[in-house]
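Accompanying notes for the structure given below.
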Amino acid sequence: MKTLNDFNFKDKKALIRVDFNVPLDENFNVTDATRIVSAKPTIIKVLEDGGSCILMSHLGRPKGVQDEFSLKHIVAKVSEVLGIEVKFVSECVGAKAEAAAADLQPGEVLLLENLRFRAEETAGDKDFAGQLAKLGDIYVNDAFGTAHRAHASTTIVAQFFPEDKCFGSLLAQEIESIDKVMKTGEKPVLAILGGAKVSSKITIIENILDKVDHLIIGGGMAFTFVKAQGGKIGNSICEDDKMDLALDILKQAKEKNVQVHIPVDTIAADAFSNDANTQEVDIDAIPDGWEGVDAGPKSRKQFHDVVMQCKTILWNGPLGVFEMESFAQGTIELGNSIAEATRNGAFSLVGGGDSVAAVKQFGFEDKVSYVSTGGGAMLESLEGIVLPGIAAIQE
Ligand code: AMP
């Protein structure tokens, strides 16, 4: 795996794909700079070596050139985060971009205009990738959030740098963290899969059964497993057409010696509302008209005990409808258990969509080993897919 440390960037122009797809408010202020902060170590390494940085990113999903998606809006924030004045060019390829790149001096940073102003970016167009490649001497991919896309700037451009290409430090950390769970993790290895739907996690479950010793199935997903085994789940969410699959997963798990933990009780609500009446019930005896919305106290204790036994922990998906305060307790307690296990020396990786939101909302970010920055990219990695943006650097 080629990383930044394999290169000395002195007098070199690093063409860096970053993920600056940050949220903006109605006045175009950046409301969450996490992604910019995450790219800082890579940029600083290049500058400290005596090189310069040409940053390229997408922002949103523009249809052609649309001012509200211009990366000019984030120049001030990027400058603030890096502590230097960042230059901006209103094109990402062509004469203007080439002139701006040529003018760049060691220690300077240039931000290109939104790559997705050009349809060739998402089309993975080779000529366009070649025009991007002209701008720099070394290609660095530090955008995990788009590593699952074979776009011009994330994948195709790497062909123009047969030797001079590497992962940035953020992307390298993402790869190492996933490898720690999927390949090199200390046993026992635990995966916790929650969230709403079995169908969106099925490929992950099937892939992960070969890697883990324990599997917790929580959240709304658990009810398909409970019903498939003959339980009464009231109005809880369920994918009836996935019940056979659920039984098959349980069979496969047994054959592979994976211990599966399904909640034993739930907080049942009489409406999908924060103010609903609630009661604690066994997971397989939910009264008609009631639905399971959070892990019950016995399940929380059960999951805590499993978490504390494990040395490597992957968490994807909440244990309940955590967006509603009344149903967030199971997810919060699981976060606390993972934080405690991490303090005791376990490696914990949180990733993919809503679990990252939950971790941030409840302040666990600094209490787990690593929080992934890529939603779809993380899920595809867990499915066992080699991401095109990663393969392009390794080729
Ligand atoms: P996912 O994107 O598949 O990880 O699903 C995340 C969503 O699952 C969150 O919006 C949660 O509110 C939802 N969720 C978790 N548990 C339940 C449940 N018991 N009933 C309904 N939705 C749930």
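Just so you know, residue 1 is the first one in the sequence shown, and it goes up from there. All ligand and atom numbering here is 1-based and tracks the order in the structure.
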| query | Between Pro318 and ligand 1, is there a nitrogen or oxygen pair with a distance under 3.5 Å? | reply | no

| query | For atom 7 (C) of ligand 1, what's the nearest protein heavy atom and its distance? | reply | Asp354 OD2, 3.7 Å

| message | Please list, in number order, the atoms of ligand 1 under 4.0 Å from a heavy atom of Gly292. | response | 18 (C), 19 (N), 20 (N)

| task | Give the residue and atom name of whichever protein heavy atom lies nearest to atom 23 (C) of ligand 1, and the separation in Å to one decimal. | result | Val321 CG2, 3.6 Å

| field | Identity and distance of the protein heavy atom lying nearest atom 8 (O) of ligand 1 | value | Ala196 N, 3.2 Å

| message | Under a 4.0 angstrom heavy-atom cut-off, which atoms of ligand 1 come close to Phe223? | response | 19 (N)

| task | Tell me, with the steps shown, if Glu239 and Thr224 meet side chain to side chain donor-acceptor pair (under 3.5 Å). | result | CA-CA 6 Å; Glu239 289 168 282; Thr224 301; 4.6 Å; no

| Euclidean distance, Met56 CE relative to Arg17 CZ, rounded to 0.5 Å | 7.0 Å

| Neighbour count above 12 (heavy atom, 6.0 Å) for Gln279 CD | yes

| task | List the steps and the verdict of salt bridge (charged side-chain N to carboxylate O under 4.0 Å, His left out) for Arg116 and Glu121. | result | CA-CA 6 Å; Arg116 291 199 189 161; Glu121 163 63 359; 5.2 Å; no

| query | Considering only the protein, which heavy-atom contact is closest to atom 21 (C) of ligand 1, and what is its distance? | reply | Ile237 CD1, 3.5 Å

| task | Specify whether Phe362 and Phe322 have parallel, tilted or perpendicular ring planes, treating 30° as the upper limit for parallel and 60° as the lower limit for perpendicular. | result | perpendicular

| task | Heavy-atom distances under 4.0 Å are what count here, so tell me which part of Val293 touches ligand 1: side chain, backbone, both or neither. | result | backbone

| request: Flag Lys201 as yes when one of its N or O atoms lies below 3.5 Å from any N or O atom of ligand 1, and as no otherwise. | output: yes

| request: Check each heavy atom of Glu323 against ligand 1 and say whether those closer than 4.0 Å belong to the side chain, the backbone, both or neither. | output: side chain

| said: Test question: given the 4.5 Å side-chain rule for I, L, V, M, F, W and Y, name all other residues clustered with Phe117, or answer none. | reply: Val65, Phe69

| request: If you have a sec, work out which protein heavy atom is nearest atom 17 (C) of ligand 1 and how many Å separate them, to one decimal? | output: Gly220 N, 3.3 Å

| message | Can you see whether Thr184 engages Asp179 through a side-chain donor-acceptor pair at a distance of less than 3.5 angstrom? | response | no

| Can you check whether Gly317 has an N/O within less than 3.5 Å of an N/O in ligand 1? | no

| For residues Asn316 and Lys201, is any side-chain donor paired with an opposing acceptor at under 3.5 Å? | yes

| Applying a 4.0 Å heavy-atom criterion (strictly less than), which segment of Glu291 is in contact with ligand 1: side chain, backbone, both, or neither? | neither

| Distance-only polar pair, side chains of Thr42 and Ser169, donor-acceptor under 3.5 Å | yes

| task | Note the single closest protein heavy atom to atom 15 (C) of ligand 1, along with its residue, its atom name and the distance in Å. | result | Gly320 O, 3.2 Å

